[in-house]
S.K.: 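The structure follows.
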Amino acid sequence: MHGEYKVPGGKLVVVDLEVEGGVLRHARVAGDFFLEPDEALDAVDHALNGAPADTDATGLAARIDAALPEGTVMYGLTSEGIGIAVRRALAHATDWTDYDWQLIHEGPQSPALHMALDEVLTAEVAAGRRPPTLRVWEWGAPSVIIGSFQSLRNEVDPEGAARHGIEVVRRISGGGAMFVEPGNTITYSLSVPEALVKGLSFQDSYAYLDDWVLGALGDMGIKAWYQPLNDIATDQGKIAGAAQKRVVGPVDGGGPAGPSVGGGGERRAGGSGAVLHHVTMSYDIDADKMLEVLRIGREKLSDKGTKSAKKRVDPLRRQTGLTREAVIERMIDSFRGRYGLADGKVTPEELGRAEELARSKFGSAEWTARVP
């Protein structure tokens, strides 16, 4: 069994192992990390060998920590990261480079249609009919997007929204409300096979799926990090928030039963389920307008260690000095350089289904106010 895991902000950890009699055997850890002294690597391997195969990542990390020589130094590596790599090996997880990735970056679309496209495209990945997809959004109108479980009246001031012409929509993922205006926001979605995050906890999957964009920001001179559970932050404040939704693959023969092969001979989603991971980044923001539209309470702000909404969001424009279009281009180039990325588009069938969902679900008062 083979498992890989890139430690967020760190290095790649690779584990090869076997399971015999319900315990780990012949475990070998490798990677591009730094570890001192040399004997520490043998200690890690010995700690893994003999561990019950159902030991979780935290338990494996504890075994490793107990076995490390005194004074061991890890750089780009953590005991928990090794444990996660082991769990991914046991779960037969896939890697980013196992797939033919597709980019969708089309013209401005309505907020309701964006919500619908996320649902439709992720369902297609879950069914194995679409390759894993990075979709960069262009907004056709200003909007507030509330989380699937948020109370509409608790989050949005209807008078403020009406005064500023803000459309309110509800997404299928959880998390908090986002305030967006065309030209001031960078939003993207990843629709990925569930196999890509196998062996990861819910929290770890956020960090794992955000790691590429941290690298892209670093290339633009921004030192950013993942801040649990779902934020991307810098020393000058929060710049992005993420949310996820799990989608179950078909069980009635509606899609392939196992991994299929893309045109490049690489694996595609195989009908076993998918994960929608979408991120909204603040390029520039009218914080005063945001406060007139969103009901942001002092308690919510206090748990972020700040006293005002303006300090919570630090625009990318000021930190990079780049245009919004240049930031997006560099992000796409970074993803392509890491994993490969072919230009694609929403198919007519997908668009038709999304437009119907935008009318019947995401544009309806019943859905938007489903939690009043």
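Residue numbers start at 1 and run along the sequence shown. Heavy-atom basis, side chains included; hydrogens, waters and symmetry copies ignored.
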S.K.: Check E106, H278, H114 against R135 for a side-chain hydrogen bond (donor to acceptor under 3.5 Å, both in side chains) and give me the one that passes.
M.R.: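 One option only clears the test, and that one is H114.
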
S.K.: Measuring from atom CD1 of I332 to atom NE2 of H105, what distance do you get when rounded to the nearest 0.5 angstrom?
M.R.: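 Answer for the CD1-NE2 pair, I332 versus H105, is 5.5 Å.
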
S.K.: Taking atom CG of L316 and atom CG of L217, what is their separation to the nearest 0.5 Å?
M.R.: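 So the gap between those two atoms works out to 6.5 Å.
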
S.K.: Could you go through the salt bridge (charged side-chain N to carboxylate O under 4.0 Å, His left out) check for D333 and R330 one step at a time?
M.R.: CA-CA 5 Å; D333 287 345; R330 293 197 184 191; over 6 Å; no

S.K.: Once you measure the plane-to-plane angle for Y339 and W96, does it fall in the parallel (<30°), tilted (30-60°) or perpendicular (>60°) bin?
M.R.: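 Correct class here is parallel.
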
S.K.: Can a cation-pi geometry be assigned to R88 and Y208, taking NZ or CZ under 6.0 Å from the six-membered ring centre and within 45° of the ring axis?
M.R.: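 Cation-pi check for R88 and Y208: passes.
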
S.K.: Could you verify whether a donor N or O on one side chain and an acceptor N or O on the other, from W137 and S189, lie under 3.5 Å apart?
M.R.: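 Per modelled atom types, W137 and S189 side chains form a pair under 3.5 Å.
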
S.K.: May I ask you to decide if S364's main-chain N or O and T368's side chain share a donor-acceptor pair within less than 3.5 Å?
M.R.: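 Yes; judged by distance alone, with no hydrogens or angles, the pair exists.
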
S.K.: What I want to check is whether the side chains of T133 and R130 have a donor and an acceptor closer together than 3.5 Å.
M.R.: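 Side chains of T133 and R130: pair found under 3.5 Å.
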
S.K.: State plainly whether one hydrophobic cluster holds both I64 and L24, where clusters connect Ile, Leu, Val, Met, Phe, Trp and Tyr through side-chain heavy atoms under 4.5 angstrom apart.
M.R.: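 Linked, I64 and L24 end up in one cluster.
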
S.K.: Determine whether F179 and I166 make a side-chain contact, defined as any pair of heavy atoms from C-beta on separated by less than 4.5 Å.
M.R.: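 F179 reaches I166 side chain to side chain.
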
S.K.: If Ile, Leu, Val, Met, Phe, Trp and Tyr residues are connected whenever their side-chain heavy atoms lie under 4.5 Å apart, and connections chain through other members, are I328 and V213 in the same group?
M.R.: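 In one cluster with I328: V213, yes.
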
S.K.: To check you understand the geometry: which heavy-atom pair defines the closest contact between P132 and V125, and what is its length?
M.R.: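 Looking at all heavy atoms of both residues, the shortest contact is CA-CG2, 4.4 Å.
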
S.K.: Is it true that a side-chain atom of Q150 and a backbone atom of G147 form a donor plus acceptor pair closer than 3.5 Å?
M.R.: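 Pair found, side chain donor or acceptor close to backbone of G147.
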
S.K.: For Q236, is there any backbone N or O sitting under 3.5 Å from a side-chain donor or acceptor partner on T234?
M.R.: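 Side chain of T234 to backbone of Q236: a pair is present.
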
S.K.: So which atom in A358 and which in A116 form the shortest heavy-atom distance, rounded to 0.1 Å?
M.R.: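 Heavy-atom minimum between the residues: N-CB, 3.8 Å.
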
S.K.: Quick one: pull up CD in Q319 and CZ in R317 and give me the separation to the nearest 0.5 Å.
M.R.: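 One finds 11.0 Å between CD of Q319 and CZ of R317.
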
S.K.: Any ion pair linking E138 and R324 (charged N to carboxylate O, less than 4.0 Å)?
M.R.: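 Looking at R324 and E138, the cut-off is met.
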
S.K.: Spell out, as yes or no, whether a donor-acceptor pair under 3.5 Å connects the side chain of N184 to the backbone of I285.
M.R.: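 It does not hold such a pair.
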
S.K.: Looking at V168, is its backbone amide N or carbonyl O close enough to the side chain of S143 to form a donor-acceptor pair, meaning the two atoms are under 3.5 Å apart?
M.R.: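 Checked: no pair found.
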
S.K.: Any Lys/Arg nitrogen of K361 or E119 sitting under 4.0 Å from an Asp/Glu carboxylate oxygen of the other?
M.R.: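 Salt bridge between K361 and E119, a charged N being under 4.0 Å from a carboxylate O: yes.
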
S.K.: Check this for me, if you would: do D16 and R28 make a salt bridge, where the nitrogen-to-carboxylate-oxygen distance has to be below 4.0 angstrom?
M.R.: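 Judged by the 4.0 Å cut-off on N to carboxylate O distance, D16 and R28 do not form a salt bridge.
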
S.K.: Is the backbone of V293 close enough, under 3.5 Å, to the side chain of D157 for a donor and an acceptor to pair up by distance?
M.R.: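 No, the answer is negative, given that no donor and acceptor are paired below the 3.5 Å cut-off.
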
S.K.: Looking at R129 and E124, is there a salt bridge between them, counting it only when a charged N and a carboxylate O are closer than 4.0 Å?
M.R.: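 Judged by the 4.0 Å cut-off on N to carboxylate O distance, E124 and R129 do form a salt bridge.
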
S.K.: Please answer whether the main-chain N or O of K289 pairs with a side-chain N or O of D286 as donor and acceptor at a distance below 3.5 Å.
M.R.: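 It does hold such a pair.
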
S.K.: According to a hydrophobic-cluster definition based on side-chain heavy atoms being under 4.5 Å apart (Ile, Leu, Val, Met, Phe, Trp, Tyr only), do V169 and W367 belong together?
M.R.: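 Yes, same cluster.
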
S.K.: Does any donor atom in the side chain of T58 or D56 lie under 3.5 Å from an acceptor atom in the other side chain?
M.R.: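 No pair is found: no donor N or O on one side chain lies under 3.5 Å from an acceptor on the other.
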
S.K.: Is there a path of hydrophobic side-chain contacts, each under 4.5 Å between heavy atoms of I/L/V/M/F/W/Y residues, joining L117 to Y188?
M.R.: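 No, it is not one cluster - the side chains of Y188 and L117 are not joined through contacts under 4.5 Å.
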
S.K.: Decide yes or no on side chain to side chain contact (heavy atoms under 4.5 Å, CB included) for R170 and L152, but give the supporting numbers first.
M.R.: CA-CA 9 Å; R170 184 185 295 274; L152 176 61; 4.2 Å; yes

S.K.: Between E356 and R359, is the closest basic N to carboxylate O distance under 4.0 Å?
M.R.: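 Yes, charged N to carboxylate O under 4.0 Å.
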
S.K.: Give the minimum heavy-atom separation between G363 and A112, together with the two atoms involved.
M.R.: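 Shortest heavy-atom separation between G363 and A112 comes out as N-CB, 4.2 Å.
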
S.K.: Check whether any side-chain heavy atom of Q102 lies under 4.5 Å from a side-chain heavy atom of I104, and answer yes or no.
M.R.: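 They are in contact (side-chain heavy atoms under 4.5 Å apart), so the answer is yes.
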
S.K.: Does a salt bridge link D211 with R338, judged by any charged N lying under 4.0 Å from a carboxylate O?
M.R.: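 A salt bridge is present here (some side-chain N lies under 4.0 Å from a carboxylate O).
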
S.K.: Count the heavy atoms of every other residue, nucleotide or ligand shown that sit under 6.0 Å from CD of E366, and state whether that count exceeds 12.
M.R.: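 No - once you tally the heavy atoms of other residues, nucleotides and ligands closer than 6.0 Å, there are 12 at most.
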
S.K.: Is a donor from one side chain sitting under 3.5 angstrom from an acceptor on the other, for S148 and R370?
M.R.: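 Yes.
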
S.K.: Would I239 end up clustered with V180 when hydrophobic side chains under 4.5 Å apart are linked, directly or stepwise?
M.R.: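 No; V180 is not reachable from I239 via cluster members.
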
S.K.: How long is the straight-line distance from CG of L68 back to OG of S79, given to the nearest 0.5 Å?
M.R.: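 If I round to the nearest 0.5 Å, the distance is 5.5 Å.
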
S.K.: If we ignore angles and hydrogens, is there a donor and acceptor under 3.5 Å between the side chains of Y283 and T185?
M.R.: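 No.
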
S.K.: Nearest 0.5 Å, please: how far is OH in Y226 from CD in Q203?
M.R.: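 OH of Y226 is found 4.0 Å from CD of Q203.
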
S.K.: Side-chain contact, heavy-atom cut-off 4.5 Å: Y5 with D95?
M.R.: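 Not touching, per the 4.5 Å side-chain cut-off.
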
S.K.: Can you tell me if R295 uses its side chain to pair, donor with acceptor, with the backbone of V156 under 3.5 Å?
M.R.: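 Between the backbone of V156 and the side chain of R295 there is a qualifying donor-acceptor contact (under 3.5 Å).
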
S.K.: Take H26 and D45, measure what side chain to side chain donor-acceptor pair (under 3.5 Å) needs, and give me the verdict at the end.
M.R.: CA-CA 8 Å; H26 312 297; D45 293 341; over 6 Å; no

S.K.: How about L48 and L17: do any of their side-chain heavy atoms sit closer than 4.5 Å?
M.R.: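 No, too far: nothing below the 4.5 Å cut-off.
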
S.K.: Under the side chain to side chain donor-acceptor pair (under 3.5 Å) criterion, do S151 and R153 qualify, and how do the steps go?
M.R.: CA-CA 6 Å; S151 163; R153 61 170 167 254; 4.7 Å; no

S.K.: Please name the pair of heavy atoms, one in H277 and one in D210, separated by the smallest distance, quoted to 0.1 Å.
M.R.: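 Here H277 and D210 meet closest at NE2-OD1, 2.8 Å.
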
S.K.: Please step through side chain to side chain contact (heavy atoms under 4.5 Å, CB included) for the pair L77 and I82, ending with a clear verdict.
M.R.: CA-CA 8 Å; L77 174 70; I82 298 170; 3.6 Å; yes

S.K.: Which atom pair, heavy atoms only, marks the closest approach of R87 to G199?
M.R.: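 Smallest heavy-atom distance, with atoms named: CB-O, 3.6 Å.
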
S.K.: Kindly give the heavy-atom pair with the smallest separation between G176 and R171, and that separation in Å.
M.R.: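 Where G176 meets R171 most closely, the heavy atoms are O-NH2, 2.7 Å.
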
S.K.: If we ignore hydrogens and angles and just use 3.5 Å, is the side chain of Y75 paired with the main-chain N or O of E36 as donor and acceptor?
M.R.: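 No: the side chain of Y75 does not pair with the backbone of E36.
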
S.K.: Please assess L357 against R353 for the test side chain to side chain contact (heavy atoms under 4.5 Å, CB included), listing each intermediate value before the final yes or no.
M.R.: CA-CA 6 Å; L357 267 181; R353 288 167 52 201; 6.0 Å; no

S.K.: Supply the atom-to-atom distance T323 OG1 to D284 CG, rounded to the nearest 0.5 angstrom.
M.R.: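 Taking OG1 in T323 and CG in D284, the distance rounds to 12.5 Å.
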
S.K.: Are the side chains of R163 and E292 in contact, using a 4.5 Å heavy-atom criterion?
M.R.: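 Side chain of E292 against side chain of R163, heavy atoms only: contact under 4.5 Å found.
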
S.K.: Side chains of W139 and T187 only: does a donor on one sit below 3.5 Å from an acceptor on the other?
M.R.: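 Yes, because at least one side-chain N or O of W139 sits under 3.5 Å from a partner of the opposite role on T187.
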
S.K.: Side chain to side chain contact (heavy atoms under 4.5 Å, CB included), that's the test. Do V14 and D32 meet it? Break it down for me.
M.R.: CA-CA 9 Å; V14 180; D32 60 353; over 6 Å; no

S.K.: Is there side-chain contact between I145 and P111, with heavy atoms separated by less than 4.5 Å?
M.R.: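 Side-chain contact under 4.5 Å: no.
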
